[in-house]
Number of protein chains: 2
Amino acid sequence: MKRLAKSHLNKIKPYKPGKPIEELKRQLGLKDAIKMASNENALSPSSRVISSIAKAARDLNRYPDGGSFYLKKELAKRFRISPDNFIIGNGSDEVIVFAVRTFLKSGDEVIIAKPTFLVYDIASRVEGIRVKHVPLRDYRYDLESMRKAITKKTRMIFIANPDNPTGTYVTRKEVERFMSGLRRDIIVVFDEAYYEFASERSDYPRTMRYFKKERNVIILRTFSKIYSLAGLRVGYGIARRDLIESMNKVREPFNVNSLAQTAAIAAMYDEGFVKKTKRLIKMGKSYLYSELDIMGIMYIPSATNFILMEIGPDAPVIYKKLLKKGIIVRNMEAWGLSGFLRVTIGTDRENRRFIKALSDIWRQL
Amino acid sequence: MKRLAKSHLNKIKPYKPGKPIEELKRQLGLKDAIKMASNENALSPSSRVISSIAKAARDLNRYPDGGSFYLKKELAKRFRISPDNFIIGNGSDEVIVFAVRTFLKSGDEVIIAKPTFLVYDIASRVEGIRVKHVPLRDYRYDLESMRKAITKKTRMIFIANPDNPTGTYVTRKEVERFMSGLRRDIIVVFDEAYYEFASERSDYPRTMRYFKKERNVIILRTFSKIYSLAGLRVGYGIARRDLIESMNKVREPFNVNSLAQTAAIAAMYDEGFVKKTKRLIKMGKSYLYSELDIMGIMYIPSATNFILMEIGPDAPVIYKKLLKKGIIVRNMEAWGLSGFLRVTIGTDRENRRFIKALSDIWRQL
């Protein structure tokens, strides 16, 4: 039969969803698996957030507020800008898709680091946009080379900061140099999903400066990480009003569910929870660093809630052995990082279980 | 400044989100407004569904199951087909967008009735696809004329059945005639969002027949209407495996939130709730019909949970007067149906309040 999909889609591999953790447990006969694979917050949402959800559930027969009126209002208050400068997505990855669908057309080019968060590449190729990949340099975005890669056709550049899967970030100075004199018809998307983990570092860039200077930037933040709402899907973009208005044209009216809107507001004001998460990550990171040091396992120092480890050629074997012990980490082969595993910082107990398992496996190799 | 969005988007009006009902109440000084505007279920989700949500909320720090494994498994069981024949959307309107983005390219044409559910037209125009509108005939889809409107460029035809905003449906025979000999490279999207309200009618079409015959059809169903989960965003498409696989390429991996997946499964098995809703609609409809008859207000007999009323030139005035009394219905002017209002069937109390208000206004005109 004749293929019905657009021809450029034929080149894209169908998405193979991973099995849910419960299925994995059933298949491997595990009683008690822990997931340290998806850079999630190890802490459940706070009771304040959970009770806001339970309360709002009675009204689920009603459509969500299509304008995310109250959430945008609260965000506007926090950022001291207008609600019209926000677009809310079904996760911030939806805003990535909005940006591509709104601003890029066939023939345009985007510049994307390699490796980095996979959605930039997929979202672009799905729209038939040409992607130019610029390798990382010492596991960090190489903004200098990315800038050199710009051609007449370049219309968008993605910068994950901090980056996933490396956990590194580009500094204020590097971003300044990159942005100064950048051609004005190029949109820079700063994906700051892990912002809250890195923002206290003195050289972490303040991209809101570029927004305030009315530059062509889209700044992405999310409630999936430090705010612990990955399951509910809510993130947002900050940009000049005309950019937001254009992106709103490709947004479906009810893209953000009611509970996500309610829970995001509750989570925003739960400063105790944010502090608790930061403490957990700080302590967990220093524990994992020191244990990895003892084992002699290399890792990339991280400004996020996960650590990229350079395990060497045994990485796939170790990945599988960890899995058998009920510990799910991320094998980075598919990202072109063979020999690497990525582990999300968990609770104290999870971290200890991971280290115990890893050192047992490590010793027996 | 040079416009950055794709040129065909410039022709599309920016979406102006309506104010949430709480804002409306505040502005109009209303204490107790009722919404009969959006074809929602008047009943809150059952306690069974609400407790499934409260229970799942603890795990919201985790990403949703990207493959909607359990939901597809349950749907597959119910329909006695494979899980691979389902695609789950962030509401069934997302599946409409998937279909357009996957199968239509610049130069293709779609055929859409006028007026009908607005998303078919918007989703197509956002992608720069040419839309051919075919008027309804006696407030019903005119499949004969839609078929005559097919050209070499036609690649997709949308059929809302039952239709929104008319509440009418096309019959099994009409669909049979339409489908027989239809060109095989045309995809027919049967949007059956209101299926459960109409399916007991003996002449309502069984479109699963065409799926089983491996025709190019995509059948849409939703949890937003009879299952009372509009706020959570979950709907699905049923189609041949190759069509599903292609659409999965444009789907973001975590498009369906965790609570939507959990609640949809709970709602599917809550047959008591479905029966209760059907009873509510049946009784409410016969009450509203008889009261409208008494007032001499024309309406289109409906196979759904809403009624399209032909009010005449006073419709906008009556709409506003109802609003001042705290009753929100839908003014159909924007759909090209001036003189019409659409009311969603509510609870007994809401229906009575609506009729009381309407007849007070009607008498004073």
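So that the names make sense, note that chain A is the first sequence line, chain B the second, and so on, each numbered from 1.
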Leading residue by heavy atom contact count with chain A [cutoff under 4.5 Å; candidates [options]]:
| options | value |
| --- | --- |
| B/Val119, B/Leu104, B/Ile122, B/Asp59 | B/Leu104 |
| B/Glu22, B/Lys35, B/Glu23 | B/Glu23 |
| B/Thr102, B/Val126, B/Leu229 | B/Thr102 |

Task: Largest heavy-atom contact set with chain B, pairs under 4.5 Å, which of A/Pro45, A/Ala42, A/Ser246 - done: A/Pro45
Distance, nearest 0.5 Å, that separates [atom1] of [X] from [atom2] of [Y]:
| X | Y | atom1 | atom2 | answer |
| --- | --- | --- | --- | --- |
| A/Asn257 | B/Asn257 | CG | CG | 4.5 Å |
| B/His8 | A/Lys105 | NE2 | NZ | 11.0 Å |
| A/Leu4 | B/Met247 | CG | CE | 10.5 Å |
| B/Arg62 | A/Ser228 | CZ | OG | 8.5 Å |
| B/Asn39 | A/Tyr63 | CG | OH | 7.5 Å |
| B/Arg233 | A/Glu252 | CZ | CD | 8.0 Å |

Task: salt bridge (charged side-chain N to carboxylate O under 4.0 Å, His left out) partners of B/Arg48, counting only residues at least two apart - done: none
Is [X] close to chain B through its backbone or its side chain, or both, or neither, when contacts mean heavy atoms under 4.5 Å?
| X | answer |
| --- | --- |
| A/Ile96 | neither |
| A/Lys225 | side chain |
| A/Arg125 | neither |
| A/Gln261 | neither |
| A/Ile187 | side chain |
| A/Tyr70 | side chain |
| A/Ile53 | side chain |
| A/Val97 | side chain |

TODO: Identify the two heavy atoms, one from B/Ala230 and one from A/Pro64, that lie closest to each other, and give their separation to 0.1 Å.
DONE: O-CD, 3.6 Å
Task: Proximity breakdown for B/Glu94 and chain A, heavy-atom pairs closer than 4.5 Å - done: both
Task: Segment of B/Leu43 engaging chain A (4.5 angstrom heavy-atom cut-off) - done: backbone
Donor-acceptor pair, side chain of [X] and main chain of [Y], under 3.5 angstrom:
| X | Y | answer |
| --- | --- | --- |
| B/Arg58 | A/Ser44 | no |
| B/Lys6 | A/Arg101 | yes |
| B/Asn61 | A/Asn41 | yes |

Return a table of donor-acceptor pairs under 3.5 angstrom between the side chains of residues 83-90 of chain B and protein atoms on other chains or two or more places apart.
from, atom 1, to, atom 2, distance (Å)
B/Asp84, OD2, B/Arg241, NH1, 3.1
B/Asp84, OD2, B/Arg241, NH2, 3.3
B/Asn85, ND2, B/Ala239, O, 2.9
B/Asn90, ND2, A/Asn255, O, 2.9

